[in-house]
Structures are given as structure tokens and as C-alpha cells.
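Just so it is clear: chains get the letters A, B, ... in the order the sequence lines come, proteins before strands, and each one is counted from 1. Owing to the predicted nature of the structure, the values given are computational and were not obtained by experimental measurement.
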Amino acid sequence: METEEQRADEALPRYRYDARVANEIEAKWQDRWEVEHTFWAPNPDGPLSEGFDAVADRSKLFVLDMFPYPSGVGLHVGHPLGYIGTDVYARFQRMSGRNVLHAMGYDAFGLPAEQYVVQTGQHPRVTTEDNVATMRRQLRALGLGHDPRRSVTTTDPAYYRWTQWIFLQLFESWYDEDAQRARPIAELVPILEADPEVGWAGLSTRERRELVDENRLAYLDEAMVNWCPALGTVLANEEVTAEGRSDRGNHPVYRRPLEQWKLRITAYAERLLGDLDLLDWSDSIKVMQRNWIGRSVGAEVDFGVEGHEDTTITVFTTRPDTLFGATYMVLAPEHPLVDDITPAEWPGATLGEDVNDIPPSWRGIFGAEAGPAEAIRRYREFVGPKSDLERQAEGREKTGVFTGAFATNPVNDAPIPIFVADYVLMGYGTGAIMAVPAHDERDFEFAQEFDLPIHVVIQPPLAWFEAQGADPEADPVDWPGAFVGDGVAVSSSNDEVSLDALDVSDAKARITAWLEANELGAAAITYKLRDWLFSRQRYWGEPFPIVYDEEELPVALPASLLPVELPEITDFEPEIVADDAESVPEPPLARADGWVTVELDLPRPDWAGGGAGPKIYRRELNTMPQWAGSCWYYLRYLDPTNENEFVSEAAERYWMEPGPGGVDLYVGGVEHAVLHLLYARFWHKVLFDLGHVSTPEPFQRLYNQGYILAGAFVDERGSYVEASEVVERDGRFFHGDDEVRRENGKMGKSLRNAVAPDDIYRDYGADTLRLYEMFMGPLDASRPWNTADIVGVHRFLQRLWRNVIDEVTGDVRVTPEPCDDETRRVLHRTIAAVGADMGDLAFNTAVARLFELNNRLTQVVAETGAAPEEVVEPLVLMTAPLAPHVAEELWERLGHERTLAYEDFPQADPLWLTVENVEIAVQLNGKVRARLTVPAGLDEAATEAAARADARVAGLLDGLAVRKVIVVSGRLVNFVVG
RNA sequence: GCGAGCGUGGCGGAACCGGCAGACGCGCCAGGUUUAGGUCCUGGUGCCCCUCGGGGCUUGAGGGUUCGAAUCCCUCCGCUCGCACCA
């Protein structure tokens, strides 16, 4: 970069807008905005209400970014893309008369900080604070107009106190299915008391507590975790390799059941699905959420089990119309009824006297002469430790074992063999299916593998056989696959009901009605969505506000005891325990001496035995997942210093209403399309049901910004080389002497193609970086970074500056003289277009319009020697949201004392939006043959007449029969000739 | 495999509701300023023909609807993302 000496040597103009001038201006204005509280957004009352009177007549606008995890490695230019976008939008709206809230916080709990501790021994709080400070500095250099008073950090006890408080709201409520909303636990007890089936009066205190606990929105349940004894820690799915070993160290990982907190998000499945219709989100995100929730409509059907009169197995199916075609049943390996129904011996009577008459494959992949129980035990051992990842890696090869038991099909009393197989998942539906191999792809494959019968109950159309290349007369065993399409039911009748000749939807309705009438089943809806596993065996997360009493039942701490602060521990190293399948995971908090147990005098409701007096309690040792803090941070921005409430009602109503979603614009990456957005919506709905927030949804408009991509270079060994060291020669790329191959990928550390914002500030300034990122392409598209392109936007700022400031003297050179009419028209067209584009987040085209206006202004300056104020001032104001520092500087030099942040965004004068003449196209049969200029506003007849009157057009039409004329006023005339 | 989205000059991209394709920027070409290069300024620049008048072609490929298609419909090809035994 150039120095003062070079500048002097080369005699560059002293006052040219370059990196040095830009950096001076940027530092100056960032300081002034801070000192003058420029971006403080006033609340209607309370501690943050200073200045509200001045904006009381404005309507509010809440602009939100997905807040970052403050990692230690620093930003690259891809990170702030969305933040710049929201800042431009917020600044534009502020100039358009809105009271804009825009703030930034930090999502600072989580795994990386904890792993860093293990490497360095530094407390995660220290590294987290360092990282937050670094990130604040880097973001400040971008000139983002945030209200600094509202910045929250999820690891701050004053913040996570309220995360814990919200958890207590979940713990202290239940979901009323009839009312379809959450209600306080206190309202559940009278209902249980009044229900004769519950027999409340006869229950012990412990039984009552257990019954209530089962109904809470936050409840304890056994869940599978990835436990790695060698590392002494539980791992996330992403940390487990396809081979079922730890990513770090390659140690064995065991799937173990562990008592875990879960949140009852499934109760909200229907509302989370339905309320998507209220939101201005992209269809693709809505589709992803809908798929994740995974609603399926069908029926539950009860099957009897031969020899077990008291046992029924309930299956879920979306195809009850194929019930007559069920030829076997499958239970998930973990299904609780498997052990009950498994006989001691392989059945002889039904399939022959000899064990060997049972097909060997039915006895399991490891064989088991000893009997079905042993075969199932071996199969479970084979299936048990596998993670979901492994199951995927194995593909879809079907495995399973015959249980030796038979179910009875309720429609025809036919006995069908019951298998266990891992293609049936315990977590979905009832964990059991009726298998209809003729009409289900997976059942068909399994039936082929195990030689099970295939009964056709939906007649495939001939076209299907033709498309499949199959013989319509063939045995279905020889079909290439199952027929899953629509068709007419066949072979589906008993004495009471017949589905034959009905189409699929009529058959579903009829059989479901019959099942309901005979109490053999019922219509049912299931969801893929599971309850949210909310415990983590980690240190660096929010502690639960929960203790356990002598009965090992959970007791909520009262809100007055919040926050439950993370205890100091000295040793963050996970404890290595025996490297075997039996050892039990223990969270790091177990090592917090003096914290694990606590003496408290906790109140207790009468139904749970009344006041217990001072007692020793054991604390919950798990912590909350990283998602917890990010579920509600947007609400804390509204009232960040409130010590009595998580947010005051007045602040919440002011910024969130009218809804249905309160945040007017939420910008972030698609990677949070499902989990974060679903979890946050869920918490918001619980808070809504309990009356703590006033809108049913948190985020009205969601916008996903794209990624910044960049060239990445791979050497012949297949590893990435530092992209900044690669040079291009004749269209080939070299790293040193080695030729390397170019790829395009997301900018980041792993592809070694990160570009540091500091380098761009140094060479061009922050305004240039902002403008470039907004100009590269539409905000929602991913686009490749190209440092060479930056000069284009830098030149724009330089020309804008030069049009106002004399580069040699530094004097302002504007004139109060009016500009010419054509320039004025360009100005007003630009104002109209830029305003519309900014409202639509179409910043790339807004920038292009500003370029055009500035190019026009450059011409005017060249011709007249001075820039008309009439053009310069609106141009500076329109540039301000995009490049605020240089705009503020020019505004000040133009003689304005106050920041332009609250100046009115220019308004187009309709008078100057009209044009006198327009050029229209004249087409023959749709092809442009001539252009001509006509007065604007001509009607169709006059336009046609004008076209015909044109000598050139007349020549074209000469001797041709015009069959039809299409005229679009102000655009074109199309002669259809024969 | 299923679902969603996207294919426009050498490059990033623009084009409202079906109405002049290629705005704006980079790059490139020519000229000016400069001792030179760079910076900066001015002009040109989709491709192919051309007798310099103009003509032809062009939005992944092919087909269709229409007076008219980058835009709507169908088939195919390519790329990106999401889900992945969900009964």
C-alpha cells in the first residue's frame, strides 16, 4: 500500500478519495455515531426510552440478523454479507421514517470454546470474552448502525438467567390437546382430580408427581446418546465416524440409553405446520420445515397375536386400503412387545414339525438353532450399536429375524408371521408395520429376501406393466417392484365389508370407517418430528434450574433463585473412564465440588405433599444445548437490561405487534432453515400460549442471504493450497512451480480461500467493501468473490467524491444553479428506482442506478465545471445506506451539521418521472425492423398512425398485406403481415 | 431415489405482469494525460457476415402455446441445495 512519501513522489491529488482518505473518514464517523448515540433506538418507556418523543409518530421496524457464534479465527469477507444487507435496509428505512431497531448479539455457548479449553487450559469464559471483543471490533469497522446498548451475549448470567426462566415456563406447563395450547400445570391438577379414570385420590404423592411430570412440556425420558468412554464424553452425531468411532482419536463409541431432558415440540407439530401459511418466508424453507415435521395421514390398526389373547400390536399405515394384502408384520428391534410374544421354540405346528422347516434366513443372519429369543438377541446386537449414519452407509439391504410369533389380520383372521427388522424405526408411528409387499417398495424387497407371499390387492393398470416391462399375467413375485400407484382395489372383502372396485381414497375411507365401527383401529396422523432432546453432557452451556429430591424426582427452582450460575471447575479435561460398553457417562459438572448438592427450603404444591422444609437436593448436571440461547435472543434485544422480566410487556408489544410474526425482517443463512427456526418458533408459541408474548410467530419475513464463494486451488496431491498465493498464467493456475486445479467453493478456512476484511479496508476502505458486497449480485444468491472487481465500486466512490470535492484543493465545488431538465429527469427516475429497489432488498440494482446517476453528474461537471446541489444532495443521501461514512462526510462538507441518518430519503417528483418522447420498436411478425421516437402518452391508434407515417416503416410495409396490428403504448407496434 | 431451485456475452450480473435481451460493473480494444508503467480521463465492445447501406444468429438442447417467449407448458441434459428405509 502506498505511503505518504509515495503520494508526494507521485504527486497524486492531495484530496483524492483513496484508502487513506476513506480510512480517516470511517474512523471519524464510527466514533461520532458512537458518541452521539446515532443508532440508539428508543423504547416507548423504560430505561431505553430516551429520545422516544422525537420518534413517537414513526412506525416501528425490527430488523434482525442471525447472531454469530464468536469463533476465535476471525472474520472473512463472506461472514458480514447479511449484516451489511440488513444495515443498508435498516438505514434506508430509518431515512424513510421508521423507528428502526437493529442490534447484534453473540451466541457464545457451545462446543468449540470447550474444546479449546482442553488444548490451552484457558477458561471458556476468557476465550469467549476475547472472541466477542475481537468480533465487535471487526464488525464496528464495517460501520454497522446497531444500537450498542442492546447487544446481548448468551453466556452472560444476566442473559441466561432468562433462558433458564423460559425453561421453567416449559417445565411448569402442559399441552391441552382440546384447547390446542399450553396451559400452566396448576390447571392440569384439577382436571386429573376430576377424571375418574385417573383415580387421583388413590394415588400416592410419588405417583401423582410422576403422572404430572409425564405431562410437562419439559420432561425426562430415556434417550440414546453417543457415549465414548475413552474420551470420557458424549459425542454429537457429527463427531461420530461412519465406522461408529470417535472422529477425534478413533475410539469406540457406544449407543447408550441415558435419562435426558426432552421438550415436547411434537405437541406443536400441527401449529408449527399450519402457521407457516402466515409467514413471508420462501417456499423452499417452508417446504423444508414441512418435510421435517413430516405429517402423514392414515390409520392405526390393531392386530391380535396368536396365543396371546390380551396382546394387540398397533401398526400405523398410510395405506389402510391395502390391509387385505398384508402378508407379514414387522416390529422395530427395540419394540417393547417383542420379548412378550417371542416363543421359546421355533413354531412347529404351523410351518411343519421340524425346526429346519423354518427357512434358515428367517432364523437370522447369524443363525440360531437355540430358538427365536437367541436369534433376536443376536440380531439386536448386530443392529443395536449402529448409528443412523452407519445404517445409511449400508444402503438399503434388508435384514431381519422371524420372532416365531404370528399376528392375526383383523380383516380376515389370516395368521401372518411377525418379524423384527431394522427398516422399521421405533421412533416413528407405533414402531410396528403391517407389510404389504405388493404395494410397498420396502416390504417388497424384504418379501423377496425372505420368500414371503405377495398378495395383490390394488390392480395395477396395464400401462404400469408396459412401463415396467412386466407381464400382467405374471406372479407378483416376478414383478420388478411393488405397485405403489393409484388403482382399483381387488381381493379385498370379508363378510362385512368390501373394498373391491373402489379407488384408493374411497377404499381408505371405507376400511377406516369399518375399523372404527369394530374398534379395531382408527384414523390417525403421525409426524416425523420428534421431541427435542435438550440435555448435553457438557460444561459450557446453561445449567438447568432443576434439582432432584430424595426420591430422585425433578423439582424446579423458583425464579427467585435464578440464575443458576455455572460453577467454576478447574479441570475441564474429560475424565477417561474404562473403555467398555458398560461404563456410565458423567457430565463435567459432576466435578464441581460443593455445587452438586445444595440445601434448600423449596415450596411444593399441596398435591405433591406440601412444604417440605430444608432438605439436601442434588443438582441437574447436564447443560442445555447451544440452540437454547438462540431461541429467544430477539426478545431480549427489546429490553436487554430488565432485571424483573425477560422483556417488558410494553417493549414487547411496541416492537412485535401487530404480527402474526413480530420481527419485520430476519436475515440469515439457509443452514438454519430447520432446527434453529423451528426451535425458536416453538418457544415463541409456548410463550404466546402462556401470555408472555403477543404474537403467535416470531419472524414475519425471513430472508436467506447467499454465500460468498471463492476460487479454491487443489494441487496434484489433492490438498488445498493457499488461494492468495496462486497466480494465473495463460488461463492456467500455479502455486509456486506447481500447476493447481481451480474449484469454486464456499469461502472459509477449510478451502484456504478466505479473504480478510482487514486487507480490503486497508486497500480500499470499508465503504468500498460494503458497496462491493451489495453490488456483486442479489443478496439471496451465492456469488464468487473477485478482488479484481472491487476497483469498479471504488472508482464510483472516487468519482462521486471528485464531483463534490476538488481533488487538489479539497474545496467543495457545488453550485446552487438548477440542473438541466434531462439531468433532473434522470435524477427523479433514479430516486424512484433506488427507493423501490432498497425496499425489495435489491441492492445490486440500486447500486447500478446510482452509478448511472453519478455518470450523468460527471458529464454535467465536465460541461459546467460544478455539480448542481440539486443533484448532489439526493445522490449523497441515496448513497448513505450503502456507503454511510463517505456519505456522512460529503453531507457535512455540503454544510449540514447533523448526521444524515435521520434525513428523509429523497422522494421522486412525479412531474419529472414523465418523459417527453419515447423510443418504440416497430416489429414485423414479431421481429424488430425499426425504431422510432414518438411523444410519450400516445394512445394505441395514434401510435399505430405514427408508425405508419414513418418513412422507413412505410417502406417496410410497402406491398405487404397487414392482417393485424398489435400496439403496446409506449413500447412497440407489431405488424402481422401475410 | 424423492423434493426444491437454477442454466443469459470472456466474467459478476440486469431485464416489472409475455412486449426493443445483454442495464451496471469487471475484463478487453483504441485514444488522451504521463519520461514510462500504473493511476486517472474519453470512446468502443454479444457472436457471425458485410459492397459500410445493412443482413443473419443469439438467453443449456429440442419441441409447443402466442402477433410476440430469457420469461408460460412439455421432454431431455447439466449444476446447486435439502431429505434419505418415516410405513
Side-chain angles (χ1 to χ4, degrees), chain A residues 2 10-13 16 18 282-288 290-292 294-296 298 315-319 322 330 388 391-392 394-398 421-425 427-436 439-443 445-446 526-530 670-671 673-674 707 731 744 771-772 775-778 781-793 795-796 798-799 802 807 833 836 842 844-852 855 858-859 862 918-931 963-977:
Chain A
E2 72 183 334
E10 298 177 20
L12 279 177
R16 170 165 294 174
D18 58 12
S282 71
D283 285 339
S284 66
I285 299 287
K286 288 186 181 184
V287 165
M288 282 162 77
R290 287 191 190 108
N291 290 346
W292 189 263
R295 185 180 197 262
S296 292
V315 304
F316 174 75
T317 177
T318 55
R319 294 295 302 275
T322 63
V330 185
D388 295 346
R391 292 193 191 189
Q392 272 177 46
E394 280 169 19
R396 292 158 180 246
E397 232 169 83
K398 296 287 181 292
D422 69 349
Y423 82 93
V424 172
L425 311 172
Y428 183 75
T430 61
I433 63 155
M434 65 173 202
V436 185
H439 305 297
D440 181 279
E441 213 46 75
R442 296 146 304 179
D443 297 344
E445 284 172 28
F446 191 87
T526 59
Y527 303 90
K528 274 200 276 189
L529 183 68
R530 314 289 164 79
V670 270
E671 67 272 19
V674 178
Y707 295 112
N744 224 18
L771 201 59
Y772 174 60
F775 182 59
M776 289 167 82
S782 293
R783 47 292 191 41
W785 178 269
N786 188 6
T787 302
D789 286 349
I790 293 177
V791 293
V793 294
R795 281 203 276 253
F796 160 74
Q798 212 166 53
R799 285 174 197 162
R802 184 161 47 231
E807 286 188 330
N844 55 328
T845 49
V847 174
R849 298 285 94 82
L850 295 175
F851 280 16
E852 286 175 321
N855 289 344
T858 304
Q859 260 177 36
V918 287
E919 192 188 56
I920 63 168
V922 180
Q923 298 180 329
L924 253 61
N925 290 344
K927 284 199 185 293
V928 180
R929 293 293 154 175
R931 295 170 211 278
R963 288 199 202 165
K964 195 176 171 187
V965 183
I966 286 111
V967 182
V968 182
S969 283
R971 287 192 188 272
L972 57 78
V973 180
N974 186 13
F975 292 100
V976 185
V977 295

How far, in whole Å, is [M] from [N] if one measures between their [atom1] atoms?
N     : M     : atom1 : answer
B:G78 : B:C29 : C1'   : 34 Å
B:C83 : B:G12 : P     : 28 Å
B:C48 : B:C11 : P     : 15 Å
B:U58 : B:A69 : P     : 11 Å
B:U71 : B:U8  : P     : 13 Å
B:G55 : B:C76 : C1'   : 33 Å
B:G22 : B:G27 : C1'   : 16 Å
B:G3  : B:G9  : C1'   : 34 Å

For [X] and [N], what is the distance between atoms [atom1] and [atom2] respectively, to the nearest whole Å?
X      : N     : atom1 : atom2 : result
A:K528 : B:C83 : NZ    : P     : 10 Å
A:Y707 : B:U80 : OH    : C1'   : 12 Å
A:R971 : B:A15 : CZ    : C1'   : 10 Å
A:E671 : B:C81 : CD    : P     : 13 Å
A:Y428 : B:C83 : OH    : P     : 17 Å
A:L972 : B:G19 : CG    : P     : 9 Å
A:L771 : B:C24 : CG    : P     : 16 Å
A:L924 : B:C20 : CG    : P     : 17 Å

Would [N] be called syn or anti here, given the cut-off of 90° from 0?
N     : answer
B:G53 : syn
B:G5  : anti
B:C17 : syn

Atom [atom1] of [X] and atom [atom2] of [Y]: how far apart are they, to the nearest 0.5 Å?
X      : Y      : atom1 : atom2 : result
A:N974 : A:K964 : CG    : NZ    : 9.5 Å
A:N925 : A:F975 : CG    : CZ    : 11.5 Å
A:L850 : A:N855 : CG    : CG    : 11.0 Å
A:Q923 : A:R971 : CD    : CZ    : 12.0 Å
A:F775 : A:F851 : CZ    : CZ    : 4.5 Å

### Side-chain donor/acceptor of A:R530 to backbone N/O of A:G427, under 3.5 Å
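Present.
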
Between [options], spot the one nearest the side chain of [X], thanks.
X      : options             : value
A:R802 : B:G82, B:G25, B:C41 : B:C41
A:Y423 : B:C85, B:U42, B:C20 : B:C85
A:V928 : B:A21, B:A15, B:U39 : B:A21
A:E852 : B:C85, B:C26, B:A23 : B:A23

#### Entry: Whichever of A:G792 and A:T317 has its nearest RNA chain B nucleotide further upstream toward 5'
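Nearest-nucleotide comparison on RNA chain B picks A:G792.
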
### Query
Which comes earlier along RNA chain B counting from the 5' end, the contact point of A:G427 or that of A:I790, where each point is its nearest nucleotide?
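The answer here is A:I790.
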
### Task
Flag the pair A:Y428 / A:K528 as yes when at least one side-chain heavy-atom distance between them is below 4.5 Å, and no otherwise.
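Of all side-chain heavy-atom pairs linking A:K528 with A:Y428, at least one is under 4.5 Å.
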
Hey, what are the protein-to-nucleotides 3-13 of chain B N/O distances that come in under 3.5 Å?
residue : atom : partner : partner atom : Å
B:G12   : O2'  : A:M776  : O            : 2.8

For [X], enumerate each residue passing the side-chain hydrogen bond (donor to acceptor under 3.5 Å, both in side chains) test, keeping only those at least two apart in sequence or located in another chain.
X      : answer
A:E919 : none
A:E671 : A:Y707
A:W785 : A:T787
A:T318 : none

### Query
Along nucleotides 52-57 of chain B, 5' to 3', which nucleotides get a B, which get an S, and which get a -, given that the test is a protein heavy-atom distance under 4.0 Å?
----S-

What's [X] touching, base or sugar-phosphate or nothing? Going by heavy atoms closer than 4.0 Å.
X      : result
A:R290 : nothing
A:E441 : nothing
A:F316 : base
A:R795 : sugar-phosphate
A:D443 : nothing

### Task
Locate the shortest heavy-atom distance separating A:L425 from A:D422; write the atom from each residue and the value.
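Shortest heavy-atom contact: CD2-O, 3.9 Å.
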
Side chains of residues 429-436 of chain A: which donor-acceptor pairs under 3.5 Å do they make with residues two or more places apart or in other chains?
residue : atom : partner : partner atom : Å
A:T430  : OG1  : A:T314  : O            : 2.6
A:T430  : OG1  : A:A432  : N            : 3.4
A:T430  : OG1  : A:A432  : O            : 3.3

For nucleotides 66-70 of chain B, which of its nitrogen or oxygen atoms have a protein nitrogen or oxygen under 3.5 Å away, and what is each distance?
residue : atom : partner : partner atom : Å
B:C67   : O2'  : A:N974  : ND2          : 3.4
B:C67   : O2   : A:N974  : ND2          : 2.5

### Query
Under the side chain to side chain contact (heavy atoms under 4.5 Å, CB included) test, which residues partner A:R783, sequence neighbours left out?
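With neighbours one apart ignored, the set is A:L81, A:M776, A:L779.
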
#### Entry: By side chain to side chain contact (heavy atoms under 4.5 Å, CB included) - contacts of A:V287 (at least two apart)
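Expected list: A:R290, A:N291.
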
### Query
Where each pair must be Watson-Crick or G-U wobble with both distances under 3.5 Å, what dot-bracket representation of RNA chain B is obtained, with crossing pairs in [ ] and other-strand partners as |?
(((((((..(((......[....)))((((((.......))))))((((....))))..(((((..]....))))))))))))....

### Query
Quick one: ring pair (Phe, Tyr, Trp, His ring centres under 6.0 Å) partners of A:F316, sequence neighbours excluded?
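Testing A:F316 for ring pair (Phe, Tyr, Trp, His ring centres under 6.0 Å), a comparison that skips the adjacent residues, returns none.
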
### Message
Do A:K398 and A:Y423 form a cation-pi contact, if we require the NZ or CZ to be under 6.0 Å from the six-membered ring centre and within 45 degrees of the ring's axis?
### Response
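Verdict for A:Y423: a cation-pi partner in A:K398.
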
